[in-house]
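Okay, structure first, notes after.
Here the structure is a predicted model, which means the values were calculated and not measured.
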Amino acid sequence: RICQLEGAAAVAALLSFGHRLRGRRVLHFIDNTATLSSLVHGYSSKPDMAKLANLYSLLRARFGLDVWCQYVASDANIADLPSRPDKSWAPLRALGLAQIPLALPSPREWAHPASFLGT
């Protein structure tokens, strides 16, 4: 399901870059309205999305991030380029961006989300 993948990508982005962004304002563009809503509200009626929204909120707190989530049309979403094999990486490279490993929560972190807060 695309909604869950988008939510997992948002969690992975904060987990991968949170330490570099600590204490900063972050503008997070998202091209899926259901995912956007769950991340903004920190809740979803769907249990899997609720867990992703919870993890996202905990990571925001862990790194002291002031996040603004904004909708962006899929065709304008530069973050989608790596997930589309038919698209070129040239626009990302032109911006001086490089590919880095993406961090995902460990099985323990998925099972115990409060571990993101050091408890």
(request) Could you note down all residue pairs passing salt bridge (charged side-chain N to carboxylate O under 4.0 Å, His left out) where residues 6-23 supplies at least one of them, sequence neighbours left out? (result) none
(request) Under 4.5 Å between side-chain heavy atoms, chaining through other members, with only Ile, Leu, Val, Met, Phe, Trp and Tyr counted: pull out the rest of the cluster around Y43, sorted by chain and number. (result) none
(request) Using a 4.5 Å cut-off on heavy atoms from C-beta on, say whether the side chain of R24 contacts that of D66. (result) no
(request) For V72, enumerate each residue passing the side chain to side chain contact (heavy atoms under 4.5 Å, CB included) test, keeping only those at least two apart in sequence or located in another chain. (result) F29, D31, A76, N77
(request) Report the residues that fulfil side chain to side chain donor-acceptor pair (under 3.5 Å) with T35, sequence neighbours left out, ordered by chain and then residue number. (result) N32
What pairs of donor and acceptor atoms, side-chain ones from residues 47-64 against any protein atom, are under 3.5 angstrom apart with sequence neighbours left out?
from : atom 1 : to   : atom 2 : distance (Å)
D48  : OD2    : Q4   : NE2    : 2.8
K51  : NZ     : W110 : O      : 2.6
Y56  : OH     : H28  : ND1    : 2.9
S57  : OG     : A53  : O      : 3.1

(request) Only counting residues at least two apart or in another chain, list the ones meeting side chain to side chain contact (heavy atoms under 4.5 Å, CB included) with L104. (result) A12
(message) Under the rule for side chain to side chain donor-acceptor pair (under 3.5 Å), what residues qualify as partners of S45, not counting sequence neighbours?
(response) none
(message) Within this structure, what is the SG-NZ distance for the pair C3 and K46, rounded to the nearest 0.5 Å?
(response) 9.5 Å
(request) Could you tell me the separation between the SG atom of C69 and the CG atom of L39, rounded to the nearest 0.5 Å? (result) 5.5 Å
(request) Using the test side chain to side chain contact (heavy atoms under 4.5 Å, CB included), find all partners of S106 that sit at least two apart in sequence or belong to another chain. (result) R108, E109
(request) List the atom of L102, the atom of S16, and the distance in Å for their closest heavy-atom pair. (result) CD1-OG, 3.3 Å
(message) Walk me through whether I30 and Y71 qualify under side chain to side chain contact (heavy atoms under 4.5 Å, CB included).
(response) CA-CA 5 Å; I30 301 169; Y71 175 78; over 6 Å; no
